[in-house]
Enquirer: 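Mind having a look at this structure? Questions to follow.
For this chain, numbers begin at 1 and follow the sequence in order.
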Amino acid sequence: MAPEFSSNWKKLQEQLKAQSPASAATTTPATKRKQDDTQDVAAKSQQPKKRRVQDGQKQQAVPPKKKLPSTKPTRSRPMGNTESSIVSKGSSTTVQPSLALWAQDNDISPEDLAEAYGLGLRRNTLVTTSEKARVNEGRAPDVDLGKYVGLDCEMVGTGPDGHGHALARASLVDFHGRQIYDSFVRPTERVTDWRTSITGITPKQMREARDFDEVQQEVADIIKGRILVGHDLRHDLDVLLLTHPITHIRDTARFAGYKKYGHGPKPALRILAKEVLDMEIQSGHHSSIEDARVAMLLFRKRKSEFDMEHANKFEHTKPGPGKSHTKKKKKH
């Protein structure tokens with residue numbers, strides 16, 4: 001005989017049967033979305049991160065690039081002895097390293113290379129007109145000597161009438177007009193005319209002047225073996241008691257191309273500066289630094305013609321060692 005259940009038990013069973021479909025449907029759409037979102041997050045965490053870009057740009061799932069070391073070559077200064085720099089700072093034209101090496105291999109000086117390519121001319125004009133002379137500095141630091149040097153001297157009067165000459169200041173510049181040397185010189189003879197109105201030199205400045213022998217040796221060491229450029233250099237070398245090989249001299253006072261500007265055997269430096277360079281010099285006291293720079297500019301202006309004239313004049317002359325020699329001091 002089958003057992004009989006109480007009415008209460010039957011009611012409980014009916015309630016359980018009524019709730020079972022609801023429990024099967026407990027996975028509501030909202031619950032399903034939450035599960036899907038959880039799965040998406042887990043999947044995305046295993047993918048490479050996207051780079052943050054601006055709106056409108058396409059995102060790329062690539063890792064950020066590593067910063068590589070720069071491969072840009074660094075410029076190094078050539079080893080060995082150097083001459084005056086090929087290109088001055090501020091020049092708009094530069095010489096490629098390969099060209100500089102070619103010039104070195106073919107024994108072409110940096111000055112000749114600069115002249116051939118028109119380098120440094122603008123800088124040279126600025127040096128001449130704006131850079132002040134460092135008076136009585138002596139030997140300038142950090143200036144490499146090249147093939148060419150410019151020389152000018154200031155003199156005072158000696159003798160009963162003051163017509164004699166004694167060295168009172170010596171100045172040297174390089175191919176680009178940069179100051180190499182400048183010094184007041186203590187005269188070895190009694191001065192009878194200081195010529196202050198012309199040179200600006202006074203007895204007071206002689207308190208800081210160097211001895212003649214010291215200046216003479218400095219100048220001789222600088223010009224030794226180099227091309228000496230200047231205006232009427234015979235007088236400058238005379239007061240320095242120095243000689244220099246004629247094959248190593250470029251004198252703007254004796255250059256055939258400038259003789260037309262002179263009223264006599266040789267043109268004045270002031271006239272050449274005005275006519276050739278359109279520059280005013282010696283309007284006040286003379287400056288041996290300024291005069292040396294102007295002479296160098298005049299040489300560079302017609303350098304190819306200077307070289308041709310020199311070659312024609314000394315084509316049968318064997319070049320000497322290019323050394324400077326001291327003369328014996330005059331006795332009075």
Enquirer: Could you pull out all residues at least two apart from Ala140 that satisfy side chain to side chain contact (heavy atoms under 4.5 Å, CB included)?
Expert: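 Partners of Ala140 by the side chain to side chain contact (heavy atoms under 4.5 Å, CB included) criterion, ordered by chain and then number, come out as Arg134, Glu137, Val143.
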
Enquirer: Measure the shortest side-chain to side-chain distance between Gln179 and Ile289 over non-hydrogen atoms and say whether it is less than 4.5 angstrom.
Expert: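 SC-SC contact between Gln179 and Ile289 confirmed.
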
Enquirer: Can any side-chain N or O of His244 pair as donor or acceptor with the backbone N or O of Arg226 at less than 3.5 Å?
Expert: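 Checking the backbone N and O of Arg226 against the side chain of His244, a donor-acceptor pair under 3.5 Å is found.
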
Enquirer: Suppose we screen for side chain to side chain contact (heavy atoms under 4.5 Å, CB included). Which residues come up paired with Lys204, at least two apart in sequence or across chains?
Expert: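 Lys204 satisfies side chain to side chain contact (heavy atoms under 4.5 Å, CB included) with Thr202, Arg207 only.
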
Enquirer: To check you understand the geometry: which heavy-atom pair defines the closest contact between Thr192 and Arg190, and what is its length?
Expert: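 Closest approach of Thr192 to Arg190: CG2-NH1, 3.3 Å.
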
Enquirer: Side-chain contact, heavy-atom cut-off 4.5 Å: Leu240 with Leu167?
Expert: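 Yes, side chains in contact.
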
Enquirer: Working note: Thr252 + Asp232, criterion side-chain contact (heavy atoms from CB on, under 4.5 Å); need CA distance, chi angles, decisive distance, verdict.
Expert: CA-CA 7 Å; Thr252 56; Asp232 209 5; over 6 Å; no

Enquirer: Show every side-chain hydrogen bond (donor to acceptor under 3.5 Å, both in side chains) that has at least one partner inside residues 275-287, sequence neighbours left out.
Expert: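 Residue pairs passing side-chain hydrogen bond (donor to acceptor under 3.5 Å, both in side chains), neighbours aside: Lys274-Glu280, Gln282-Asp291.
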
Enquirer: Looking at every non-hydrogen atom in both residues, tell me the closest pair between Ala170 and Val185 and how far apart they are.
Expert: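 In terms of heavy atoms, the two residues are closest at N-CG2, 4.3 Å.
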
Enquirer: Between Met296 and Gly150, which heavy-atom pair has the shortest distance, and what is it?
Expert: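 Of all heavy-atom pairs spanning Met296 and Gly150, the closest is CE-N, 3.4 Å.
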
Enquirer: Using side-chain heavy atoms (C-beta onward) and a distance below 4.5 Å, is Met155 in contact with Thr199?
Expert: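 A side-chain contact under 4.5 Å is absent here.
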
Enquirer: Is Val149 close to Val229 at the side-chain level, that is, under 4.5 Å between some pair of heavy atoms?
Expert: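 Result no, sub-4.5 Å side-chain heavy-atom pair not found.
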
Enquirer: Ring centres under 6.0 Å, that's the criterion: do Phe299 and Phe255 meet it?
Expert: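 That pair fails the under 6.0 Å test.
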
Enquirer: Please give me the minimum heavy-atom distance between Arg293 and Gly177, naming the atom from each residue.
Expert: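 Nearest heavy atoms, Arg293 then Gly177: NE-O, 2.8 Å.
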
Enquirer: Identify the heavy atoms of Lys266 and Ala253 that sit nearest to each other, and give their distance.
Expert: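 Closest pair (atom of Lys266, atom of Ala253, distance): CB-O, 3.5 Å.
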
Enquirer: With sequence neighbours left out, what residues match Arg254 under side chain to side chain donor-acceptor pair (under 3.5 Å)?
Expert: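 Here no residue qualifies.
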
Enquirer: Are there over 12 heavy-atom neighbours, none belonging to Glu214, within less than 6.0 Å of that residue's CD?
Expert: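 Buried by this count: over 12 neighbours within 6.0 Å.
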
Enquirer: Between Asp213 and Gln217, is any side-chain donor less than 3.5 angstrom from a side-chain acceptor?
Expert: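 The answer is no; no qualifying pair exists.
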
Enquirer: Could you identify which residues cluster with Val191, counting Ile, Leu, Val, Met, Phe, Trp and Tyr as linked when any side-chain heavy atoms lie under 4.5 Å apart, either directly or through a chain of such contacts?
Expert: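 Members alongside Val191: Val135, Val156, Phe184, Trp194, Ile201, Met206.
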
Enquirer: Could you list the residues that satisfy salt bridge (Lys or Arg N to Asp or Glu O under 4.0 Å) with Asp211, not counting sequence neighbours?
Expert: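 Residues passing salt bridge (Lys or Arg N to Asp or Glu O under 4.0 Å) with Asp211: Arg186.
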
Enquirer: State plainly whether one hydrophobic cluster holds both Val294 and Ile198, where clusters connect Ile, Leu, Val, Met, Phe, Trp and Tyr through side-chain heavy atoms under 4.5 angstrom apart.
Expert: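 Hydrophobic grouping puts Val294 apart from Ile198.
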
Enquirer: Kindly indicate whether the side chain of Tyr148, heavy atoms from C-beta on, has any atom under 4.5 Å from the side chain of Lys303.
Expert: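 A side-chain contact exists here, since the closest heavy-atom pair is under 4.5 Å.
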
Enquirer: Which residues pass the ring pair (Phe, Tyr, Trp, His ring centres under 6.0 Å) test with His310, not counting sequence neighbours?
Expert: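 Once residues adjacent in sequence are excluded, the partners of His310 under the ring pair (Phe, Tyr, Trp, His ring centres under 6.0 Å) criterion are Phe314.
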
Enquirer: Taking side chain to side chain donor-acceptor pair (under 3.5 Å) as the definition, give me every residue that meets it alongside Ser183, ordered by chain and number, with sequence neighbours left out.
Expert: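 With sequence neighbours excluded, Ser183 shows a side chain to side chain donor-acceptor pair (under 3.5 Å) to Arg210, given in chain and number order.
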
Enquirer: Drop me the distance from Phe175's CZ to Ile227's CD1, to the nearest 0.5 angstrom.
Expert: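 Going from CZ on Phe175 over to CD1 on Ile227, the span is 11.5 Å.
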
Enquirer: Does the side chain of Lys301 reach to within under 4.5 Å of the side chain of Val276, using non-hydrogen atoms?
Expert: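 With C-beta onward as the side chain, the pair touches.
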
Enquirer: Provide the closest heavy-atom pair for Ile271 versus Tyr261 in the form atom of the first, atom of the second, distance.
Expert: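 For Ile271 versus Tyr261, the nearest heavy atoms are CG2-O, 3.6 Å.
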
Enquirer: Show your reasoning for whether side-chain contact (heavy atoms from CB on, under 4.5 Å) applies to Lys224 and His248.
Expert: CA-CA 10 Å; Lys224 179 180 178 181; His248 284 63; over 6 Å; no

Enquirer: So how far is it from Thr188 OG1 to Leu241 CG, rounded to the nearest 0.5 Å?
Expert: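 That separation rounds to 7.5 Å.
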
Enquirer: Under the salt bridge (Lys or Arg N to Asp or Glu O under 4.0 Å) rule, collect the residues that match up with Arg234, sequence neighbours excluded.
Expert: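 Not a single residue meets the salt bridge (Lys or Arg N to Asp or Glu O under 4.0 Å) criterion with Arg234.
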
Enquirer: Among all residues two or more places apart in sequence or in another chain, which pass the ring pair (Phe, Tyr, Trp, His ring centres under 6.0 Å) test with Tyr181?
Expert: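 Applying ring pair (Phe, Tyr, Trp, His ring centres under 6.0 Å) to Tyr181 gives none.
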
Enquirer: Working to the nearest 0.5 angstrom, can you tell me the gap between Asp236 CG and Leu151 CG?
Expert: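 Rounded to the nearest 0.5 Å, the CG-CG separation comes to 5.0 Å.
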
Enquirer: Within this structure, what is the OG1-CD distance for the pair Thr196 and Gln205, rounded to the nearest 0.5 Å?
Expert: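 Atom-to-atom, Thr196:OG1 and Gln205:CD are 8.0 Å apart.
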
Enquirer: Got a sec, which pairs hit side-chain hydrogen bond (donor to acceptor under 3.5 Å, both in side chains) with one end in residues 149-162, sequence neighbours left out?
Expert: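 For residues 149-162, and leaving out neighbouring residues, the side-chain hydrogen bond (donor to acceptor under 3.5 Å, both in side chains) pairs sorted by first residue read Asp161-His163.
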
Enquirer: Met308 vs Lys313, test: side-chain contact (heavy atoms from CB on, under 4.5 Å). Steps then yes/no.
Expert: CA-CA 9 Å; Met308 185 176 296; Lys313 187 181 296 184; over 6 Å; no

Enquirer: Could I get the full list of salt bridge (Lys or Arg N to Asp or Glu O under 4.0 Å) partners for Arg270, not counting sequence neighbours?
Expert: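 None.
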
Enquirer: Is there a donor-acceptor pair under 3.5 Å between the side chain of Arg169 and the backbone N or O of Ala209?
Expert: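 Not confirmed, Arg169 side chain does not pair with Ala209 backbone.
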
Enquirer: Is the closest side-chain heavy-atom distance between Leu233 and Leu228 below 4.5 Å?
Expert: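 Yes, at least one pair of side-chain atoms sits under 4.5 Å.
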
Enquirer: When rounded to the nearest 0.5 angstrom, what is the spacing between CD in Glu189 and CZ in Phe212?
Expert: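 Nearest 0.5 Å value for the CD-CZ distance: 9.5 Å.
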
Enquirer: State, yes or no, whether a side-chain contact exists between Leu269 and Ile281 at a heavy-atom distance under 4.5 Å.
Expert: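 With C-beta onward as the side chain, the pair touches.
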
Enquirer: How many angstroms lie between CG in Leu298 and CG in Asp251, if you round to the nearest 0.5 Å?
Expert: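 Between atom CG of Leu298 and atom CG of Asp251 there are 11.0 Å.
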
